[in-house]
*Asks:* 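Take this structure first; my questions come after.
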There are 2 protein chains.
Amino acid sequence: MSSKPTKRQEQVLDYVRRHRALQGLPPTVREIQKHFGFASPNAAASHLRALEGKKLLFRRPGAARALRVAGDHGKEVAAIPIYGDIPAGFADTREQQPDGCVYADLDSLDIRRTARTFAVRVRGDSMTGAHILDGDLVVLELREPNHGNIVAALIDGETTLKRYLLKNRRPFLRAENPQYPDLIPAHELVIQGVMIALFRKPKDAGRPIEP
Amino acid sequence: MSSKPTKRQEQVLDYVRRHRALQGLPPTVREIQKHFGFASPNAAASHLRALEGKKLLFRRPGAARALRVAGDHGKEVAAIPIYGDIPAGFADTREQQPDGCVYADLDSLDIRRTARTFAVRVRGDSMTGAHILDGDLVVLELREPNHGNIVAALIDGETTLKRYLLKNRRPFLRAENPQYPDLIPAHELVIQGVMIALFRKPKDAGRPIEP
DNA sequence: CCGTATACTGGACAGATGTCCAGCAAACCG
DNA sequence: CGGTTTGCTGGACATCTGTCCAGTATACGG
């Protein structure tokens with residue numbers, strides 16, 4: 001029965017979400033007021049009232065900051081393990097210890113809940129032609145690749161990122177960098193994952209020095 | 001420098017953690033008081049003070065429920081609003097309506113809690129030289145750019161992604177694509193954000209799309 | 001044209017909340 | 001023993017905060 005929010009209400013809802021995620025707690029009515037430049041707390045309060053009426057927000061009367069965005073639990077955030085280096089065996093994920101995790105919501109990744117997903121830190125520049133750089137974090141899904149997909153493949157005991165191509169029904173791999181051997185015949189091809197997302201944090205994005 | 005908590009302080013810390021996990025927000029001083037059966041709010045407050053002194057807890061003075069347990073930020077997920085298009089004014093975030101949100105953890109993004117962060121969907125191929133593609137999601141932070149940073153800049157009422165460079169102390173912008181005008185003199189430069197991360201979901205990464 | 005919903009201004013009040021001061025008691029330590 | 005830390009009582013205050021009432025303006029649909 002929850003109807004849709006107005007544009008303005010959507011903005012308020014987003015601000016609440018954002019504030020909670022960033023500050024660790026929901027905003028007060030007056031913080032919302034200040035953010036939107038309202039002259040009265042009532043402007044913010046009435047928006048909250050409207051959102052509550054539409055079942056998009058829940059409140060605890062009289063309590064400070066007691067806002068809960070509907071479906072905020074539902075916003076599922078996946079913890080994707082990062083494997084810095086994928087050793088030969090791999091089949092046993094148990095023997096791996098992740099190098100940390102990326103957290104991302106399933107919606108923006110469009111990850112299937114059932115899918116087995118993991119991430120790898122890219123080393124080398126063999127895929128710069130596909131705009132994948134050294135240091136990038138590539139999110140992979142365990143499934144059969146299609147023609148043109150970028151995959152993590154096991155070659156000679158080492159894992160590398162390559163583009164998966166089909167020619168005359170026979171699969172082969174290509175490094176997206178002219179400096180690298182253009183084709184790699186795949187005599188026994190082990191595909192470890194298919195790229196579904198990429199995550200980059202430029203090193204030169206450095207902040208000015210902290211005070 | 002952070003010393004160990006007392007048994008009692010540990011209990012308080014645990015209660016704060018548990019309350020936040022269960023209720024979605026930290027407790028008030030008086031909720032702590034009630035939970036432990038104290039006769040005075042000061043009993044709880046002094047525990048918080050002690051914990052803060054030991055760097056195990058952080059508070060925002062004067063603000064309700066403004067408690068943050070140290071190390072709790074690990075799985076904190078930020079909601080970064082996506083602005084599909086940045087219009088001229090922009091200073092007024094109020095006039096914007098986000099196009100949704102990306103959720104990512106602060107650790108992997110290395111986002112400062114205080115920073116104002118937003119994301120933009122990249123249009124066009126003016127930055128392919130910097131390995132930024134059409135459709136990529138670029139996360140930007142509101143701050144002064146440094147030489148070499150990639151920035152979102154306002155030029156002639158339109159927002160584009162460019163590399164920010166300094167020559168003889170004068171800033172100018174460069175598109176990372178030979179097909180584009182190489183230099184753009186910046187006569188009145190408005191920097192809207194500095195790129196701190198990139199998020200890509202390849203279209204061709206697609207699921208079983210039949211050929 | 002009327003009614004309703006949305007979006008806000010302006011002012012006010014009661015209770016919630018952080019904070020401070022002045023103690024008291026027990027445990028610990030040199 | 002004396003000093004310090006910890007753990008608490010009791011009360012008080014300023015302000016933070018949710019809430020309410022009254023009123024204005026705009027847009028939309030019947």
*Asks:* Given atom CD of A:E52 and atom C1' of D:dC20, what is their separation to the nearest angstrom?
*Replies:* 15 Å
*Asks:* State whether A:R65 and A:E31 are salt-bridged, where the test is any N-O pair (Lys NZ or Arg NE/NH1/NH2 against Asp/Glu carboxylate O) under 4.0 Å.
*Replies:* yes
*Asks:* Considering only side-chain heavy atoms of A:T6, which listed nucleotide, D:dT17, C:dG10, C:dA7, is closest?
*Replies:* C:dA7
*Asks:* Is any side-chain heavy atom of A:H19 closer than 4.5 Å to one of A:P26?
*Replies:* no
*Asks:* Between B:E10 and B:R17, does at least one N-O distance fall below 4.0 Å, as a salt bridge requires?
*Replies:* yes
*Asks:* Reckon A:A63 touches a base, only the sugar-phosphate, or nothing at all at heavy-atom distances under 4.0 Å?
*Replies:* sugar-phosphate
*Asks:* Counting any heavy atom closer than 4.0 Å, what does A:A64 reach on the DNA or RNA strands: base, sugar-phosphate only, or nothing?
*Replies:* sugar-phosphate
*Asks:* Counting any heavy atom closer than 4.0 Å, what does A:S40 reach on the DNA or RNA strands: base, sugar-phosphate only, or nothing?
*Replies:* base
*Asks:* Just by distance, with hydrogens left out, do B:Q11 and B:R8 show a side-chain donor and acceptor under 3.5 Å apart?
*Replies:* yes
*Asks:* Over how many whole Å does the gap from B:Q33 atom CD to C:dT19 atom P extend?
*Replies:* 15 Å
*Asks:* Send over the distance from A:R30 CZ to D:dC20 P, rounded to a whole Å.
*Replies:* 13 Å
*Asks:* Only one of A:I150, A:N177, A:D136, A:V138 clears side chain to side chain contact (heavy atoms under 4.5 Å, CB included) with A:M127; which?
*Replies:* A:I150
*Asks:* For residues A:R59 and A:L48, determine if any side-chain heavy atom of one lies less than 4.5 Å from a side-chain heavy atom of the other.
*Replies:* yes
*Asks:* Please state whether the base of C:dT9 and the side chain of A:N42 form at least one donor-acceptor pair under 3.5 Å?
*Replies:* yes
*Asks:* Below the 4.0 Å mark, does C:dT6 have OP1 or OP2 next to a side-chain nitrogen or oxygen of A:K54?
*Replies:* yes
*Asks:* For A:L67 and D:dT19, what is the distance between atoms CG and P respectively, to the nearest whole Å?
*Replies:* 9 Å
*Asks:* How many Å lie between CZ on A:F36 and C1' on C:dT9, as a whole number?
*Replies:* 17 Å
*Asks:* Mind calculating the distance between CG (B:L48) and P (D:dT6) to the nearest angstrom?
*Replies:* 15 Å
*Asks:* Could you check whether B:R8 gets within reach of a base, just the sugar-phosphate, or nothing at all, counting any heavy atom under 4.0 Å?
*Replies:* sugar-phosphate
*Asks:* Rounded to whole angstroms, how far apart are CZ on B:F38 and C1' on C:dC24?
*Replies:* 16 Å
*Asks:* For the helix from C:dC1-D:dG30 to C:dG30-D:dC1, what angle separates the axis at the start from the axis at the finish, each from five pairs, in steps of 10°?
*Replies:* 30°
*Asks:* Over how many whole Å does the gap from B:R49 atom CZ to C:dT19 atom P extend?
*Replies:* 8 Å
*Asks:* Side-chain N or O of A:R65 less than 4.0 angstrom from OP1 or OP2 on D:dT17?
*Replies:* yes
*Asks:* Taking 4.0 Å as the cut-off, does a side-chain nitrogen or oxygen of A:H47 come that near to OP1 or OP2 on C:dT6?
*Replies:* no
*Asks:* So which nucleotide from C:dT19, C:dA7, C:dT17 ends up closest to the side chain of B:R59?
*Replies:* C:dT19
*Asks:* Reading DNA chain C from 5' onward, which residue's closest nucleotide shows up sooner: A:A39 or A:A50?
*Replies:* A:A50
*Asks:* Taking for each residue the nucleotide of DNA chain D bearing the nearest heavy atom, is the 5' side occupied by B:G62 or by B:Q9?
*Replies:* B:Q9
*Asks:* Any heavy-atom pair between the side chains of B:L57 and B:L13 that's under 4.5 Å?
*Replies:* yes
